[in-house]
Each structure stands twice: as structure tokens, then as C-alpha cells.
Amino acid sequence: MRVPRGRVAGGPQPGSVERSHAAPGATVLQVLRQKGRYVYPLFTPDIADDVASYVYWQGEMDEEAALDMMCEDADDADREAMREEMVTRKMLDDAYPEWAGRWLVQPGKSADRRRRPPEWRPCSLRRAAKTLTDPHQRQIAADALALSRLTLTDDFHPDIDGEYIGFGAVLSWEEGDVTTRIYDDLLNLAHQSEYCDRMGEVLIPLDDPGALHAWFLRMGQRFEAIALIDRLIHALCHGH
């Protein structure tokens, strides 16, 4: 991965980690999404997809409805010229591997296990951390496993209205891909109205000396999660 325009970037690439073990890239990305939302939110491909629908496409899955609205009296050439200026579904589909926007599901002991495609199932990070031969890949699996085992909650979720823009990192597959354009446009839109850039907050009574100590204890796993997420982003953005 490259770091576009000074912004933190990273993400599991469809490279050696993905080939060496069943769906590790998708599994690591899912752990980052699940745990990061509590302590260090990441602007991931699935969020970019949702934001594109909200910002550009009138809530639809692609640009056609927006083009219908903007080009009601235009001819086909004008419509295609307008499409060239937009973020399109094709841009998003071309920007990421197909698995990047998919939430994996662990099937239960039922017929669903037989029907569900294998690529929809997370791999065993515990097994990957033991069996992957490349030390960088093993460390990624081990860090993702450690992150997945942390108990994190919404205890400190701030009661604030507005679009959330406080993402800790933009996961980008390559320099100049559409992810950063979508994030920039989200920031511009949010700054024109209400927005939230705080991950959490806590009120500590001045007459309760033990409250601050209790908060420090509760923050322990969050600090550990931030360290693991930082390490995973660093490893992933260097192409391992």
C-alpha cells in the first residue's frame, strides 16, 4: 500500500497472505472492522460503498438514478460525459478485490453450511498463526487473532448528532484510488452541516477519586486494541 496525500492508508491486499490460507485477507479485514468501531474506526471499502450511495447516488446501489435526475433532458453523449465526472459503481468494483466489501459469516451446524460458498466463511486465525510459513503473515494472523479476542463495548460512545468523520485510517489499495476521493467528499459534505469527530467521551465526577482510576482500568483493552490495529495497518500497508 501507499500513503496517499499524507493520510494513513493500508488494507489486506489480494497477495501472498490471501493465497497462502483460505480467506485470511477477508478475515483480517473483518476483525479490523468489528473491533475498530469501538476504539479506532477505519474507513473501509464497505463504508466507502455506503458513503458513495449516500453522497452521489441518491441512496441507490449505482449512479443510474442520479444520472436520470441530472440528465433528464440530455442526450446519451451528455449522460456519458456526466458519468465520466462521477464516482461510479465500476470505479468501486475496480478499486477493491471482491471480498473486501463482504461480511463473512460463520455457518452453523445446518444445511446452510453446505449452501454457503466457502469464500463467505472466515478462516481460522488461530490455525493460520501456527501454519503460515512466512513470518510476516504469521504475525499478521497472530495480531488479528489477539485483536479478535479483546472484549470491547460501546461504553464511551458520545451522544453527538451529525455525520461521523473521525476515522483513524483510510484503507486504500493503491495510491490515488477512489477511497480517498469518497472520504474527502464526505468530509466536505459533513463540514457543511453537523458532524462528529469524537470516538468517545466519559464524565468523571470531581468528588470521586476512584472514578478516574476505574476509567483507566476500563481503557486498558482499548489501548491494547489501538496498538494492535496500528501494527496491523503498518504490516498490511507494506504489502505483506
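Here the structure is a predicted model, which is why all the values come from computation and not from measurement.
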CG (Asp76) with more than 12 external heavy atoms under 6.0 Å
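Incorrect, the count does not exceed 12.
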Can you tell me if Leu217 has over 12 outside heavy atoms packed within less than 6.0 Å of its CG?
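More than 12 within 6.0 Å, yes.
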Taking [X] first and then [Y], would you say they form a salt bridge - that is, a charged N and a carboxylate O separated by under 4.0 Å?
X      : Y     : answer
Arg83  : Glu63 : yes
Glu72  : Arg79 : no
Asp154 : Arg37 : yes

Hey, are [Y] and [X] close enough side-chain-wise for a donor-acceptor pair under 3.5 Å?
X      : Y      : value
Asp49  : Tyr96  : no
Asn188 : Gln192 : no
Tyr40  : Asp230 : yes

Under the 3.5 angstrom rule, does the side chain of [X] hit a backbone N or O of [Y] as a donor-acceptor pair?
X      : Y      : answer
Lys35  : Leu150 : yes
Arg222 : Thr153 : yes
Ser53  : Met61  : no
Gln30  : Leu104 : yes
Tyr183 : Asp185 : no

How far apart are the closest heavy atoms of [X] and [Y], and which atoms are they?
X      : Y      : result
Pro122 : Thr27  : CA-OG1, 3.4 Å
Pro41  : Gly166 : CD-O, 4.4 Å
Cys123 : Pro24  : SG-CA, 3.7 Å
Val31  : Ala144 : CG1-O, 3.5 Å
Ile165 : Ala190 : CG2-CB, 3.6 Å
Gly36  : Ile229 : CA-CD1, 3.8 Å

Does a side-chain heavy-atom distance below 4.5 Å link Leu92 with Val178?
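Contact flag for Leu92/Val178 side chains = yes.
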Does any non-hydrogen side-chain atom of Asp177 lie less than 4.5 Å from one of Ser172?
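Side-chain contact under 4.5 Å: yes.
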Is there a path of hydrophobic side-chain contacts, each under 4.5 Å between heavy atoms of I, L, V, M, F, W or Y residues, that connects [X] with [Y]?
X      : Y      : value
Phe216 : Leu203 : no
Tyr164 : Tyr54  : yes
Leu152 : Met219 : no
Met199 : Phe223 : no
Leu186 : Ile160 : no

Would you check, one step at a time, whether the test side-chain contact (heavy atoms from CB on, under 4.5 Å) holds for Phe156 with Trp215?
CA-CA 10 Å; Phe156 306 119; Trp215 174 69; 3.6 Å; yes
Separation of [Y] [atom2] from [X] [atom1] (nearest 0.5 Å):
X      : Y      : atom1 : atom2 : value
Gln139 : Asp143 : CD    : CG    : 4.5 Å
Leu232 : Leu32  : CG    : CG    : 5.5 Å
Arg149 : Leu125 : CZ    : CG    : 9.0 Å
Arg138 : Leu145 : CZ    : CG    : 14.0 Å
Trp99  : Leu29  : CH2   : CG    : 6.0 Å
Leu147 : Ile226 : CG    : CD1   : 11.0 Å

If you apply the rule side-chain contact (heavy atoms from CB on, under 4.5 Å), what do you find for Arg33 with Leu42, and how did you get there?
CA-CA 7 Å; Arg33 288 185 298 210; Leu42 308 175; over 6 Å; no
Under the side-chain contact (heavy atoms from CB on, under 4.5 Å) test against Val51, which residue among Asp46, Ile182, Val87 passes?
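The side-chain contact (heavy atoms from CB on, under 4.5 Å) with Val51 is passed solely by Ile182 among Asp46, Ile182, Val87.
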Are Glu163 and His191 close enough, and set up right, to give a side-chain contact (heavy atoms from CB on, under 4.5 Å), and what steps lead you there?
CA-CA 9 Å; Glu163 193 75 39; His191 280 122; over 6 Å; no
Return the orientation label for the Phe167 and Phe43 ring planes: parallel under 30°, perpendicular over 60°, tilted otherwise.
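Correct class here is perpendicular.
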side-chain contact (heavy atoms from CB on, under 4.5 Å) evaluation trace for Arg89 with Tyr56:
CA-CA 10 Å; Arg89 166 53 57 190; Tyr56 311 117; over 6 Å; no
